[in-house]
Amino acid sequence: MSKTRVWPKTSANTPVWLVTGASGYLASELCRRIKADLPHVHLIASDAKPPAHKAFDEFLVGSLDEPGNEVVREIGGNRIDLVVHLAGVAVEGWCHEHPIETCESNIRSVYLLLEAARRSTRGTRFILSTTERVYGRDASAADPYCEDDPLLPKNIYETSKVCADLIAQSYSLAYGLPLAIVRFSNIYGGVDRNSSRLFPAAIERLEAGLAPELRLTADGAEYTRDFIHICDVVDGVMKVAEGLLASDPRVVGEAFNISSGREYRVRDVLEEIIADCKPGARYREVKGGVDYLEIVNQCASNEKMRRVLGWAPKVTLTEGLRRMRAALAERSRLAS
């Protein structure tokens, strides 16, 4: 445990937010948006390592799955108005190979933070991020996931997220903790270099002069996914935060899908990536599943976000791909 810190002075009226996983893909974008749009907010960022960005007022380093960690102590200091918990592990293949670490990161850290928020006298609000994969079944545009669907996980990643989701629901129902749950579909855009995801993997291979891969199931079935641009996701989280801080009864204790609401065939998306990045290039099909049970077809309804919060995705797939290429090019330019 680290030494007691001296807190920077903030007035009693200064809102204080805390974002976990701040060096990660989504949390980095959220931190930038908070500081750009809400400069009056005192932002505390947290992660196991310092992020490349400086979009925060304070930074806490440490592991969230350790009792009495820095973030738990910070929440216990009774000055945090809102926690946005984005930290965790999210690569299904890695989770399959490391089930204990997955549960420590995605479950234990959640109940430690929720308990700290429950004990706070500040009335701390809490946003928990999970995933559309908690629903566990195949879905389509005609039969999408809805927030009141049963949660039916099949692999260790999905199960860890369902456990976190249910624990948060219990803290809301049993203790009246003011929280909301956001369930993301497949996020793309921004500076995403995670080669386990379709967009960066395809762009990386095209830039290297290699053929992108189109993965099919072992029996040759096509995958479909609900893709949503990272800017739309950040907009959605900000909308939920606004409603939660206003104690909107339509938001407190509720779960929200943040999704495009569209079912994209992965083959079509890959062909659009190629057309934008390297017209005429070919891709190769790779048959064969993975070692863990996975969902083949995904699509989540965003009707609740539209109806309750007036949110809707704005970035088209074509525009999102253009923005992503521009962001990656700018990062490469700055690094050279």
Between the side chains of [Y] and [X], is the shortest nitrogen-to-carboxylate-oxygen separation below 4.0 Å, so that they form an ion pair?
X	Y	result
E29	R32	yes
R79	E74	yes
E147	R307	no

Any donor-acceptor N/O pair, [X] side chain to [Y] backbone, under 3.5 Å:
X	Y	result
H96	L293	no
D226	Q298	no
S301	P144	no
S129	H85	yes
N297	D138	no
N257	N302	no
S46	V19	no
W17	C31	no
K35	V41	yes
T20	A87	yes

For residues [X] and [Y], report the shortest heavy-atom separation together with the two atoms involved.
X	Y	result
G220	K287	CA-CE, 3.8 Å
F56	H53	CE2-O, 3.4 Å
A139	C299	CB-O, 3.5 Å
G21	A27	O-CB, 2.9 Å
P39	A36	CD-O, 4.1 Å
S28	A22	OG-O, 3.2 Å

Under the side-chain hydrogen bond (donor to acceptor under 3.5 Å, both in side chains) test, residues paired with [X] that sit two or more places apart:
X	value
D165	T130, Q169, R183
E115	R118, R119, Y171
K239	none

Can you measure from [atom1] ([X]) to [atom2] ([Y]) and round to the nearest 0.5 angstrom?
X	Y	atom1	atom2	value
F256	I127	CZ	CD1	10.0 Å
T124	L177	OG1	CG	8.0 Å
L214	L270	CG	CG	6.0 Å
L43	L38	CG	CG	9.5 Å
T224	D268	OG1	CG	10.5 Å
E272	C277	CD	SG	10.0 Å

Does [X] belong to the same Ile/Leu/Val/Met/Phe/Trp/Tyr cluster as [Y], with side-chain heavy atoms less than 4.5 Å apart forming each link?
X	Y	value
L152	V296	no
W311	L26	yes
V134	V233	no
L112	I167	yes
Y157	V162	no

Original post:
With R323, which residues qualify under salt bridge (Lys or Arg N to Asp or Glu O under 4.0 Å), at least two apart?
Top reply: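 Result, salt bridge (Lys or Arg N to Asp or Glu O under 4.0 Å) vs R323: E319.
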
Original post:
Under the salt bridge (Lys or Arg N to Asp or Glu O under 4.0 Å) test, which residues partner D149, sequence neighbours left out?
Top reply: R137

In the structure I gave you, are the side-chain heavy atoms of [X] and [Y] within less than 4.5 Å of one another anywhere?
X	Y	value
E158	L151	no
Y145	S185	no
K49	V61	no
T217	Y223	yes
I230	Y25	yes
F126	L244	no
R225	L198	no
R122	I75	no

**OP:** Go through the steps for V89 and E101 under the test side-chain contact (heavy atoms from CB on, under 4.5 Å), then give the verdict.
**Re:** CA-CA 9 Å; V89 291; E101 294 90 336; over 6 Å; no

Original post:
Does a donor on one side chain and an acceptor on the other come within less than 3.5 Å for E263 and S140?
Top reply: no

**OP:** Answer yes if the side chains of D65 and S109 hold a donor-acceptor pair under 3.5 Å, and no otherwise.
**Re:** no

Give the table of side-chain donor-acceptor pairs shorter than 3.5 Å for residues 204-212, with sequence neighbours excluded, one pair per line with atom names and distance.
residue	atom	partner	partner atom	Å
R205	NE	A211	O	2.7
R205	NH2	A211	O	3.2

Subject >> Pair R133-N186, side-chain contact (heavy atoms from CB on, under 4.5 Å): steps then yes or no >> reply: CA-CA 10 Å; R133 286 176 172 79; N186 291 263; 3.3 Å; yes

Near [X] [atom1], under 6.0 Å, is it more than 12 heavy atoms from other residues, nucleotides or ligands?
X	atom1	answer
K154	NZ	yes
I100	CD1	no
R33	CZ	yes

Subject >> Passing candidate, side chain to side chain contact (heavy atoms under 4.5 Å, CB included) with K161, options T102, N106, L128 >> reply: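 Answer after filtering T102, N106, L128: N106.
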
**OP:** Quick one: sort the Y188 and F227 rings into parallel, tilted or perpendicular, breaks at 30° and 60°.
**Re:** perpendicular

**OP:** Apply the test salt bridge (charged side-chain N to carboxylate O under 4.0 Å, His left out) to residues R125 and D81: give CA-CA distance (whole Å), side-chain angles for both, the deciding distance (0.1 Å), then the verdict.
**Re:** CA-CA 6 Å; R125 269 68 172 165; D81 296 292; over 6 Å; no

Original post:
Going through the distances and angles, do H229 and M324 end up as a side-chain contact (heavy atoms from CB on, under 4.5 Å)?
Top reply: CA-CA 9 Å; H229 193 269; M324 184 174 186; 5.6 Å; no

**OP:** Go through K314 and D232 one step at a time and tell me if the side-chain contact (heavy atoms from CB on, under 4.5 Å) criterion holds.
**Re:** CA-CA 7 Å; K314 299 174 182 177; D232 286 327; 3.8 Å; yes

